[in-house]
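Chain A is the first sequence line, chain B the second, and so forth, proteins listed ahead of strands; every chain is numbered from 1.
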2 protein chains.
Amino acid sequence: MRIGELAARSGVSVRALRYYEEQGLLEAYRSASGQRRYPEAAADRVGLIQTLYAAGLSSRTIAELLPCVDAKESTPESRARLAAERDRIDAQIAALTRTRDRLDAVIASSVHPSSGCSYVTATGA
Amino acid sequence: MRIGELAARSGVSVRALRYYEEQGLLEAYRSASGQRRYPEAAADRVGLIQTLYAAGLSSRTIAELLPCVDAKESTPESRARLAAERDRIDAQIAALTRTRDRLDAVIASSVHPSSGCSYVTATGA
DNA sequence: CTAGGACCTGACGTTGACGTCAGAGGCAAG
DNA sequence: CTTGCCTCTGACGTCAACGTCAGGTCCTAG
């Protein structure tokens, strides 16, 4: 498929796809006239890239780990890298959980009429 | 205390503290000569700011929610905002958990000698 | 064969959370 | 009173992941 269709399917911009290629995250073969063509599997690949970006990995890190993820190839370094990222994500989950719980506490206390917040809204009346 | 000490205590840069003030996240009273002075509680406040940044909130969002967090004041809008951020963080935790599990699977499979990755390292021998 | 949408490369613009530098003033020690 | 570190404001630099624009090419429908 062409780049526009891949963009539509995977929900990212055309510019982003070209950027991914530039960063070595996404391959494309070229038509005779030089246009990018992608296999069906490219959509999944783009999804994976987005997932890793969302987990806070940089392009460089993703580029280092992607071959390991989809080809199951790994060197001792890449395995250490994978484990390090896993641990980082774990720590991030823990921090986010604490933050969420803290927000929950704030929400709970701000809902209490006794905390002096609801007279502003006159208890909805 | 002065800005340098607060920076040292809270583990952020002096520049960051001035930036927080600029964004309306952190107040400081001024000495006669115009230097910033902070109360002891400022260190905790900075910690909270960092926590919220780490949870993906922007300066603007933090500025909107901080009065609500520490003064327990809330308007209907701010409560909706709090709930929205809480839900966003929840979703982020879920996504990170999936990503972590996926990485775990990759790590597990890359450790298996059968996956053709360990002959490179000759099984450590 | 032509109109117009999709695609190309190259390059500059954007945004957020600061880093860094310049030039000037404040402050405790000796 | 000077030395030297801290602090001030103001302003430009940075970095990543793209957005956007310019100028040109490709391709398919009519």
Side-chain angles (χ1 to χ4, degrees), chain A residues 1-39 42-43 45-66 85 88-89 92 95-96 99, chain B residues 1-39 42-43 45-66 81 85 88-89 92 95 99:
Chain A
M1 79 186 88
R2 299 199 298 177
I3 196 171
E5 188 180 347
L6 178 57
R9 284 202 201 177
S10 53
V12 307
S13 70
V14 166
R15 177 65 173 95
L17 294 178
R18 290 200 268 253
Y19 177 75
Y20 296 163
E21 181 175 342
E22 188 184 322
Q23 300 300 308
L25 310 180
L26 184 64
E27 286 179 283
Y29 51 97
R30 299 300 183 111
S31 73
S33 64
Q35 293 195 349
R36 292 171 180 83
R37 295 303 149 95
Y38 300 91
R45 163 64 77 116
V46 172
L48 175 57
I49 293 172
Q50 290 278 300
T51 297
L52 295 177
Y53 271 131
L57 307 205
S58 67
S59 293
R60 204 165 67 86
T61 303
I62 296 177
E64 288 172 19
L65 298 185
L66 265 185
E85 291 302 329
R88 199 185 50 73
I89 293 173
Q92 197 176 342
L96 284 175
T99 304
Chain B
M1 78 186 89
R2 299 199 298 177
I3 196 170
E5 189 179 347
L6 178 56
R9 283 202 203 178
S10 53
V12 309
S13 70
V14 167
R15 177 65 174 96
L17 295 178
R18 289 201 269 250
Y19 177 75
Y20 297 163
E21 181 175 344
E22 188 185 322
Q23 300 299 308
L25 311 180
L26 184 64
E27 286 180 282
Y29 52 97
R30 301 298 184 112
S31 74
S33 63
Q35 295 195 345
R36 293 171 181 83
R37 296 300 150 96
Y38 300 90
R45 164 63 78 113
V46 172
L48 175 56
I49 293 172
Q50 290 277 300
T51 298
L52 295 177
Y53 271 131
L57 307 205
S58 68
S59 295
R60 205 165 66 86
T61 302
I62 296 177
E64 288 172 19
L65 298 184
L66 265 185
R81 197 68 185 265
E85 291 301 330
R88 199 186 50 71
I89 293 173
Q92 197 177 341
T99 303

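Within the nucleic acid shown, A:Arg30 comes within 4.0 Å of sugar-phosphate atoms alone, with no base atom in reach, counting heavy atoms only.
Closest non-hydrogen pair, B:Ser13 versus B:Ala7, comes out as C-CB, 4.1 Å.
OP1 or OP2 of C:dG26 has not a single side-chain nitrogen or oxygen of B:Ser31 nearer than 4.0 Å. A close approach under 4.0 Å does not occur between any side-chain nitrogen or oxygen of A:Ser58 and OP1 or OP2 of D:dA17. Look at A:Tyr19 and you won't find any side-chain N or O under 4.0 angstrom from OP1 or OP2 of D:dC18. Contact annotation: B:Ser33 side-chain N/O to C:dC27 OP1/OP2 distance is under 4.0 Å. A sub-4.0 Å separation between OP1 or OP2 of C:dC8 and a side-chain N or O of A:Arg36 is present.
Look at CZ on A:Arg37: it is 9 Å from C1' on C:dC7, rounded to the nearest Å. When the P atom of D:dC5 is taken as reference, atom CD of B:Glu5 falls 19 Å away, rounded to whole Å. The nearest whole Å value for the distance from the CG atom in B:Leu57 to the P atom in C:dT15 is 20 Å. As a whole-Å value, the separation of B:Gln23 CD from C:dG16 P is 9 Å. Remark: P of C:dC8 and CG of A:Leu17 are 10 Å apart, rounded to the nearest angstrom. Here the C1' atom of nucleotide C:dG10 and the CD atom of A:Glu21 are 15 Å apart, to the nearest Å. Separating the OH atom of B:Tyr20 from the C1' atom of C:dA17 is a distance of 8 Å, rounded to the nearest angstrom.
For the pair B:Gln50 and B:Ala32, nearest-nucleotide mapping onto DNA chain C gives the more 5' position to B:Gln50.
Here the CD atom belonging to A:Glu85 is positioned 6.5 Å from the CG atom belonging to A:Leu65, to the nearest 0.5 angstrom. Rounded to the nearest 0.5 angstrom, B:Leu66 CG and B:Ser59 OG are separated by 10.0 Å. One distance of note links CG of B:Leu57 with CD1 of B:Ile89; it measures 5.5 Å at 0.5 Å rounding. Atom CZ of A:Arg45 is separated from atom CG of A:Leu6 by 11.5 Å, given to the nearest 0.5 angstrom.
Contacts of A:Ser31 classified as side chain to side chain donor-acceptor pair (under 3.5 Å), with partners at least two apart in sequence or in another chain: A:Ser33. Residues that satisfy the side chain to side chain contact (heavy atoms under 4.5 Å, CB included) test with A:Arg2, not counting sequence neighbours, are A:Gln35, A:Arg37. In this view, B:Ser58 and B:Thr61 satisfy the side chain to side chain donor-acceptor pair (under 3.5 Å) rule, not counting sequence neighbours.
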Counting only pairs under 3.5 Å, give me each side-chain donor-acceptor contact of residues 14-26 of chain B, with atom names and distances, residues two or more places apart or in other chains.
unit_1  : atom_1 : unit_2  : atom_2 : d
B:Tyr20 : OH     : B:Gln50 : NE2    : 2.4
B:Glu21 : OE1    : B:Arg36 : NE     : 2.6
B:Glu21 : OE2    : B:Arg30 : NH2    : 3.1

Interface polar pairs with nucleotides 19-23 of chain C, N/O, under 3.5 angstrom:
unit_1 : atom_1 : unit_2  : atom_2 : d
C:dG19 : OP2    : B:Ser13 : OG     : 2.5
C:dG19 : N7     : B:Arg15 : NE     : 3.2
C:dG19 : O6     : B:Arg15 : NH2    : 3.2
C:dT20 : O4     : B:Arg15 : NE     : 3.1

Check: protein-nucleotides 1-6 of chain C nitrogen or oxygen pairs below 3.5 Å:
none

